[in-house]
Amino acid sequence: MTETLHTRTLIVGSGPAGYTAAVYAARAMLKPVLVQGIQPGGQLTITTEVENWPGDEVVMGPDLMERMERHAASVGVRVESDHIVEVDLRSPPFAVYGDSGCRYSCDSLILATGAQANWLGLPSEEKFKGHGVSACATCDGFFFRGCDVIVVGGGNTAVEESLFLTNFAEKVTLVHRRDQLRAEMILQERLFSNSKISTLWDHELVEVLGTSNPKSVTGAHVRHKLTGTITKLNCSGIFIAIGHSPASQLVADQLEMLPGGYVAVDPGTTRTSIPGVFAAGDLIDSIYRQAVTSAGSGCMAALDAEKFLSSQA
Ligand code: FAD
Ligand code: NAP
């Protein structure tokens with residue numbers, strides 16, 4: 001028989017938005033349940049140093065997220081190791097279904113499912129994923145000791161991944177489709193002053209090259225965006241760092257959405273198009289997408305949920 005777990009406030013997601021919402025909801029005596037998803041701790045668990053979390057000059061991403069989980073547990077949040085596969089938002093109490101077989105029912109729902117890495121969509125990229133093509137240098141950089149690697153992208157993630165990879169790789173080539181990075185200046189300065197990193201401007205990756213047996217990457221074809229000239233680069237690893245997309249598939253057909261797949265909320269709030277359903281973090285944020293802004297909107301979501309529940313009493 002399917003177990004049903006009822007709660008006044010269910011929080012889906014265990015990144016900075018989810019854990020912050022959970023702490024505030026618990027302190028508001030809402031006895032929240034938080035479902036962690038397949039990436040407990042969220043995106044910061046795949047990075048190393050975080051240098052812009054106020055109060056910590058430097059903190060390791062995974063450590064910060066462990067601390068958030070402990071904080072949530074210490075104020076009485078029930079943390080569930082489950083992944084939500086379906087939600088029914090037609091009328092409260094909302095029905096939420098976990099991969100574990102558990103059915104959750106809740107009077108208010110906070111969605112904090114964050115974002116996931118984007119891929120280029122090349123067949124050769126798909127073929128070599130996990131065999132030399134990765135979207136996580138922190139996870140896979142270690143396998144490329146003494147090798148040449150490529151990083152694709154021009155944002156903070158691409159620059160941080162490039163810098164991190166210099167701990168292992170012999171040479172890192174950052175391939176970017178324009179001649180200007182969008183990464184923060186402080187990161188750009190570190191990148192340009194690192195002798196192990198070179199940049200290839202105005203180029204796009206068009207094909208991952210490799211062997212089939214065993215499956216491994218040997219290089220890449222990159223195309224000059226303006227001239228069309230194709231160049232072969234030799235490398236053993238390719239890191240795709242071209243941004244993230246909001247994880248909104250669960251609710252895309254039930255809530256009002258914004259272009260790009262972000263969940264729409266009333267300006268200055270976390271209220272979605274369905275009363276009692278709130279959204280926070282990268283899921284609603286196409287602009288800032290930071291740990292601290294996610295935590296901030298997680299706080300707002302818990303306060304908005306509390307206000308909603310009081311108005312229903
Ligand atoms: P996320 O952290 O994305 O967490 C989403 C959560 O939702 C996860 O726990 C996941 O398991 C869960 N989830 C998803 N789908 C489901 C589902 N169906 N059921 C249940 N749970 C689900 N920001 C900074 O401020 N400073 C930095 O230094 C920094 N470095 C970064 C480095 C990298 C490599 C990356 C990728 C991002 C970095 N960011 C940084 C951005 C920051 O990580 C994000 O802005 C922040 O994590 C977003 O928090 P969130 O809670 O909205 O979502
Ligand atoms: P991002 O800022 O959206 O940058 C994505 C990069 O990939 C851009 O340079 C973009 O090029 C390029 N790109 C996108 N699609 C591409 C494609 N199909 N082919 C080739 N290149 C493509 O993503 P991000 O770097 O992952 O950062 C996401 C968010 O997390 C940001 O808000 C960022 O500030 C935050 N973050 C913060 C930190 C930090 O504070 N230290 C660290 C990591 C991430 P264009 O520039 O041409 O658009």
Side-chain angles (χ1 to χ4, degrees), residues 10-21 34-54 58-61 64-65 68-69 80-87 96-99 104 110-122 135-139 151-161 163-164 174-184 186-187 202-206 222 225 239-251 260 279-298 301:
L10 182 73
I11 298 158
V12 184
S14 57
Y19 281 137
T20 306
L34 178 146
V35 181
Q36 288 184 307
I38 49 177
Q39 190 178 48
Q43 292 170 67
L44 284 186
T45 59
I46 59 161
T47 191
T48 50
E49 289 98 349
V50 175
E51 299 177 10
N52 49 18
W53 180 255
V58 183
V59 58
M60 301 303 279
L64 177 60
M65 296 319 300
M68 285 196 200
E69 181 177 352
E80 291 289 317
S81 173
D82 199 355
H83 186 75
I84 302 305
V85 289
E86 193 186 336
V87 298
V96 176
Y97 301 89
D99 195 34
Y104 304 86
I110 296 177
L111 298 164
T113 48
Q116 283 161 359
N118 291 339
W119 296 93
L120 292 166
L122 303 169
C136 178
T138 320
C139 320
V151 176
V152 180
N156 278 341
T157 302
V159 172
E160 284 194 341
E161 304 254 287
L163 290 164
F164 179 73
L174 180 66
V175 177
H176 184 36
R177 63 182 177 182
R178 293 188 294 130
D179 64 355
Q180 218 176 11
L181 300 172
R182 66 170 64 231
E184 285 169 29
I186 188 167
L187 292 174
D202 295 318
H203 275 78
E204 59 187 350
L205 176 68
V206 287
V222 292
K225 291 276 284 181
F239 290 84
I240 308 295
I242 59 167
H244 289 74
S245 298
S248 57
Q249 306 86 328
L250 265 182
V251 292
D282 279 10
L283 183 65
I284 61 167
D285 181 1
S286 63
I287 301 170
Y288 304 106
R289 293 174 297 177
Q290 301 294 303
V292 72
T293 48
S294 295
S297 66

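One-based numbering, in listed order, for ligands and for the atoms of each.
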**Student:** Could you say whether the N/O atoms of Ile84 and ligand 1 ever approach to under 3.5 Å?
**Tutor:** yes
**Student:** Looking only at non-hydrogen atoms, which of Leu44, Thr47, Thr293, Thr113 approaches atom 29 (C) of ligand 1 most closely?
**Tutor:** Leu44
**Student:** Tell me the protein heavy atom at minimum distance from atom 23 (O) of ligand 2, and give that distance in Å.
**Tutor:** Gly243 CA, 3.3 Å
**Student:** Between Val85 and ligand 1, which residue portion shows a heavy-atom distance shorter than 4.0 Å: side chain, backbone, both, or neither?
**Tutor:** neither
**Student:** Look at atom 47 (O) of ligand 2 and say which protein heavy atom is nearest, naming residue and atom and giving the distance to 0.1 Å.
**Tutor:** Arg178 NE, 2.7 Å
**Student:** Does any N or O in the side chain of Ser294 come within less than 3.5 Å of the main-chain N or O of Ala17, such that one atom is a donor and the other an acceptor?
**Tutor:** no
**Student:** For atom 14 (C) of ligand 2, which of the options Val292, Ile242, Ile287, Asp285 provides the nearest non-hydrogen atom?
**Tutor:** Ile242
**Student:** Please round to the nearest 0.5 Å and tell me the distance separating atom CG of Leu34 and atom CG of Leu10.
**Tutor:** 8.0 Å
**Student:** Considering Gly298, Gly37, Ser297, which one's heavy-atom position lies nearest to atom 22 (C) of ligand 1?
**Tutor:** Gly37
**Student:** Taking the side chain as C-beta and beyond, is there a heavy-atom pair between Ile186 and Glu51 under 4.5 Å?
**Tutor:** no
**Student:** For Asp285 and Tyr288, work out which heavy atoms get closest and say how close.
**Tutor:** OD1-N, 2.8 Å
**Student:** Flag the pair Tyr19 / Gln36 as yes when at least one side-chain heavy-atom distance between them is below 4.5 Å, and no otherwise.
**Tutor:** yes
**Student:** Identify each donor-acceptor pair in which a side-chain atom of residues 177-184 lies under 3.5 Å from a protein atom, sequence neighbours left out, and give them as a table.
**Tutor:**
| residue | atom | partner | partner atom | Å |
| --- | --- | --- | --- | --- |
| Glu184 | OE2 | Asn156 | ND2 | 3.4 |

**Student:** What atoms in ligand 2 come closer than 4.0 Å to a heavy atom of His244?
**Tutor:** 26 (O)
**Student:** Measuring from atom CE of Met65 to atom CG of Leu44, what distance do you get when rounded to the nearest 0.5 angstrom?
**Tutor:** 6.0 Å
**Student:** Check each heavy atom of Ala115 against ligand 1 and say whether those closer than 4.0 Å belong to the side chain, the backbone, both or neither.
**Tutor:** backbone
**Student:** Give me the nearest non-hydrogen protein atom to atom 1 (P) of ligand 2 as residue plus atom name, then the distance to 0.1 Å.
**Tutor:** Arg182 CD, 4.1 Å
**Student:** Which of the atoms in ligand 2, numbered in the order shown and given with their element, are less than 4.0 Å from a heavy-atom of Glu160?
**Tutor:** 39 (C), 41 (N), 42 (C), 43 (C)
**Student:** When you measure from atom 49 (O) of ligand 1 to each heavy atom in Pro16, Ala137, Gly41, Ala279, which option holds the nearest one?
**Tutor:** Pro16
**Student:** I'd like to check Asp282 versus His244 (side-chain heavy atoms, cut-off strictly below 4.5 Å). Are they in contact?
**Tutor:** no
**Student:** Check His176 against ligand 2 and report side chain, backbone, both or neither, counting heavy atoms closer than 4.0 Å.
**Tutor:** side chain
**Student:** Is Met60 close to Glu49 at the side-chain level, that is, under 4.5 Å between some pair of heavy atoms?
**Tutor:** yes
**Student:** Does His244 reach ligand 1, in the sense of a heavy atom lying below 4.0 Å from it?
**Tutor:** yes
**Student:** Nearest to atom 24 (P) of ligand 2, what protein heavy atom do you find, and at what distance?
**Tutor:** Thr157 OG1, 3.2 Å
**Student:** Identify which of Tyr288, Trp53, Trp119 has a heavy atom lying nearest to atom 32 (O) of ligand 2.
**Tutor:** Tyr288
**Student:** Nearest heavy atom to atom 18 (N) of ligand 2 wins, so pick from Leu122, Leu187, Leu120, Asn118.
**Tutor:** Leu120
**Student:** Considering only non-hydrogen protein atoms, determine which one is nearest to atom 40 (O) of ligand 2 and report residue, atom name and distance to 0.1 Å.
**Tutor:** Asn52 ND2, 2.8 Å
**Student:** Side chain, backbone, both or neither: which applies to Gln290 and ligand 2 if a contact is any heavy-atom pair less than 4.0 Å apart?
**Tutor:** side chain
**Student:** Who's the nearest protein heavy-atom neighbour of atom 10 (C) of ligand 2, and how far?
**Tutor:** Arg177 NH2, 3.8 Å
**Student:** Counting only heavy atoms closer than 4.0 Å, does ligand 1 sit against the backbone of Ile38, its side chain, both, or neither?
**Tutor:** backbone
**Student:** Looking at side-chain heavy atoms only, is the closest gap between Ser14 and Glu69 below 4.5 Å?
**Tutor:** no
**Student:** Ala247 near ligand 1, heavy-atom distance under 4.0 Å?
**Tutor:** no
**Student:** With a cut-off of 4.0 Å, which atoms of ligand 1 are near a heavy atom of Val12?
**Tutor:** 19 (N), 20 (C), 21 (N)
**Student:** With a 4.5 Å heavy-atom cut-off, do Ile242 and Val152 have their side chains touching?
**Tutor:** yes
**Student:** Note the single closest protein heavy atom to atom 30 (O) of ligand 2, along with its residue, its atom name and the distance in Å.
**Tutor:** Arg289 O, 3.4 Å
**Student:** Would you mind reporting whether Tyr104 and Asp82 have side-chain heavy atoms less than 4.5 Å apart?
**Tutor:** yes
**Student:** If I apply the N/O under 3.5 Å rule, does Gln180 come out as touching ligand 2?
**Tutor:** no
**Student:** When you measure from the side chain of Ser245 to the backbone of Gln116, do you find a donor-acceptor pair of N or O atoms at a distance under 3.5 Å?
**Tutor:** no
**Student:** So is Glu184 touching ligand 2 or not, going by heavy atoms under 4.0 Å?
**Tutor:** yes
**Student:** Side chain of Thr113, backbone of Ala247: donor and acceptor closer than 3.5 Å?
**Tutor:** yes
**Student:** For a 4.5 angstrom cut-off between non-hydrogen side-chain atoms, does Ile240 reach Leu205?
**Tutor:** yes
**Student:** I'd like to know whether ligand 1 has Leu283 as a neighbour, heavy-atom separation below 4.0 Å.
**Tutor:** no
**Student:** Is Gly154 in polar range of ligand 2, meaning some N or O pair under 3.5 Å apart?
**Tutor:** yes
**Student:** What distance separates Ser297 OG from Gln290 CD, expressed to the nearest 0.5 Å?
**Tutor:** 12.0 Å
**Student:** Going by heavy-atom distance to atom 44 (C) of ligand 1, choose the closest among Asp282, Leu111, Ile284.
**Tutor:** Asp282
